[in-house]
Amino acid sequence: GKDFTAVLDTGHWMSGQVERNVDGVLSGLSHVKIDPILDETGNEARRKRDMDAEGLALRGDTAFVSFEQFPRIGVFSTKNLATATPGRKVPHLLPDQELRRNAGMETLVLSPASSPLQGALVTVTEASVDSRGNLYAAVLDGPRKGIFFVAKDPSFSVTDGAFLENGDLLLLERRFNLAEGVGMRLRRISADTIKPGAVVDGPFLLEADLSHQIDNMEGLDVVKGADGSTRLIFVSDDNHSFLQRSLMLEFKLID
């Protein structure tokens, strides 16, 4: 819960440390380093859309990164992010023709080894829907490998996810439109329901709008607090706009 690694949709790695005050409350970042994500040839991308990184899952010294506009999942070594190149790609199972432009594999998350998914990678699209209006998603390996679907509210898009220790999947969702304004919510999907062909849904643990301290919330992780509690950390993307803010928020999960 102290060191962090992130991907930016500008095609960069961002790493550093999370700082806390004497009361254990988030206070800032330190030792922040930003490096370009290199392609197979070891070069930086010339265009943002070529390296539009959205999802990140870490397994040991390996980083799995989902890219949106040219859909793929690259595999990198985290030992030296400044020189890392994608050694291979993970088949994402989802049909490319169903992945909408700028609304593809937004979420990439690693399930716990002790869960029903047994450590499998899972991807959920931002706003790529089937004929019934449900989001495309997939378990990429393991005993439940296959495509499944997530019930979608037309006003919200899924921007990230994280697993709890018991295997339940948390999905961060964002609303961003002129008619309804900015909003976020957090949905909990039961581990037992995630299987090929299923349409999953679940209760909302948190809902907020601009009357609360939120913005364009796009990142989520689950960490253990110093007191052993489960903490949820959210981050927002300001899109380089003076009207938006980059925020990091932390909540304690009360079961």
Side-chain angles (χ1 to χ4, degrees), residues 1-7 18 20 24-26 54-60 62-66 73 105-126 134-153 156-174 184-196 198-208 214 217-236 247-255:
K2 184 173 178 62
D3 298 317
F4 74 89
T5 302
V7 290
V18 177
R20 297 176 180 274
V25 176
L26 294 176
E54 295 289 352
L56 170 68
L58 300 173
R59 178 190 284 157
T62 301
F64 302 86
V65 182
S66 63
I73 298 173
M105 293 182 291
E106 188 86 2
T107 297
L108 186 65
V109 61
L110 187 68
S111 64
S114 59
S115 73
L117 297 181
Q118 298 181 22
L121 280 169
V122 173
T123 185
V124 181
T125 60
E126 179 181 6
N134 298 313
L135 290 169
Y136 276 95
V139 179
L140 302 180
D141 51 7
R144 296 190 181 183
K145 179 179 178 179
I147 294 173
F148 69 101
F149 303 88
V150 177
K152 185 182 186 312
D153 182 322
F156 282 84
S157 300
V158 171
T159 56
D160 205 2
F163 277 98
L164 298 175
E165 283 187 344
N166 71 346
D168 286 357
L169 175 61
L170 301 180
L171 290 178
L172 173 62
E173 301 180 42
R174 167 193 62 190
M184 66 164 284
R185 63 188 190 182
L186 186 70
R187 185 170 15 168
R188 184 170 184 167
I189 307 296
S190 171
D192 293 332
T193 65
I194 302 173
K195 57 190 66 175
V199 178
V200 303
D201 200 353
F204 294 103
L205 305 186
L206 176 125
E207 296 187 60
I214 70 161
M217 311 310 295
E218 289 209 31
L220 168 67
D221 203 3
V222 174
V223 299
K224 279 291 183 186
D227 59 358
S229 64
T230 299
R231 304 295 181 95
L232 312 179
I233 293 182
F234 301 85
V235 294
S236 68
L247 301 173
M248 178 179 283
L249 308 176
E250 184 177 45
F251 294 82
K252 180 187 289 188
L253 180 64
I254 306 298
D255 280 324

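Predicted, not measured: the structure shown is a model, and the values here were computed from it.
- Contacts classified as salt bridge (Lys or Arg N to Asp or Glu O under 4.0 Å) and involving residues 135-147 (residues at least two apart or in different chains) are not found.
- For Arg185 against Asp153, the heavy-atom pair with the smallest separation is NH2-CB, 3.0 Å.
- With rounding to the nearest 0.5 angstrom, the CD atom of Glu207 is 6.5 Å from the CZ atom of Phe156.
- Here the closest heavy-atom approach between residue Asn166 and residue Arg188 is recorded as ND2-NH2, 3.5 Å.
- For the atom pair CG of Leu110 and CG of Leu140, the computed distance is 10.5 Å after rounding to the nearest 0.5 Å.
- The CD atom of Glu173 sits 12.0 Å away from atom CD of Glu106, with the distance rounded to the nearest 0.5 Å.
- Taking 4.5 Å as the limit, some side-chain heavy atom of Leu164 sits within range of a side-chain heavy atom of Leu253.
- With hydrogens and angles ignored, the 3.5 Å screen pairs a side-chain donor or acceptor of Ser111 with a backbone N or O of Ala120.
- Leu56 and Ala63 get closest at one heavy-atom pair: CD1-CB, 3.9 Å.
- At distances below 3.5 Å, not a single donor-acceptor pair connects side-chain atoms of Ser115 with backbone N or O atoms of Gly167.
- The two atoms that bring Val158 and Leu135 nearest to each other are CG2-CD1, 3.5 Å, heavy atoms only.
- With sequence neighbours left out, the salt bridge (Lys or Arg N to Asp or Glu O under 4.0 Å) criterion links Asp192 to no other residue.
- Rounded to the nearest 0.5 angstrom, Glu126 CD and Ser157 OG are separated by 5.0 Å.
- By the 6.0 Å contact criterion, CD on Glu165 is open, its count of non-hydrogen atoms from other residues, nucleotides or ligands being 12 or less.
- The closest donor-acceptor contact from the side chain of Thr125 to the backbone of Tyr136 lies under 3.5 Å.
- Under the 4.5 Å side-chain criterion, counting only non-hydrogen atoms from C-beta, Thr5 is not in contact with Asp3.
- Taking 4.5 Å as the limit, every side-chain heavy atom of Arg20 sits out of range of all side-chain heavy atoms of Lys2.
- Taking 4.5 Å as the limit, some side-chain heavy atom of Leu206 sits within range of a side-chain heavy atom of Met184.
- Annotation: side-chain hydrogen bond (donor to acceptor under 3.5 Å, both in side chains) contacts involving residues 219-232, sequence neighbours excluded, comprise Asp227-Ser229, Asp227-Arg231, Asp227-Lys252, Ser229-Arg231.
- Looking only at side-chain heavy atoms (C-beta outward), Phe163 and Val122 come within less than 4.5 Å of each other.
- Between the Arg59 side chain and the Gly119 main chain, a donor and an acceptor come within less than 3.5 Å of each other.
- Taking the side chain as every heavy atom from C-beta outward, Phe4 and Ile233 never approach each other to under 4.5 Å.
- Between Glu250 atom CD and Leu232 atom CG the span is 8.5 Å, to the nearest 0.5 Å.
- In this structure, Arg174 and Met217 have side chains that are not in contact, with every pair of non-hydrogen atoms separated by 4.5 Å or more.
- When all heavy atoms are compared, the tightest approach of Ser190 to Asp168 is CA-OD1, 3.4 Å.
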**Q.** side chain to side chain contact (heavy atoms under 4.5 Å, CB included) between Val124 and Val109, worked out
**A.** CA-CA 9 Å; Val124 181; Val109 61; over 6 Å; no
Q. Does the side chain to side chain contact (heavy atoms under 4.5 Å, CB included) test come out yes or no for Leu186 and Phe234, once each step is laid out?
A. CA-CA 10 Å; Leu186 186 70; Phe234 301 85; 4.0 Å; yes
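- Judged by distance alone, the side chain of Asp160 and the main-chain N or O of Leu172 form no donor-acceptor pair under 3.5 Å.
- At a threshold of 4.5 Å between non-hydrogen side-chain atoms, the residues Val18 and Leu26 count as touching.
- Contact detail for Ile214 and Leu247: the closest heavy-atom pair is C-CD1, 3.8 Å.
- Here Lys195 contributes atom NZ and Leu117 contributes atom CG; the two are 10.0 Å apart, rounded to the nearest 0.5 Å.
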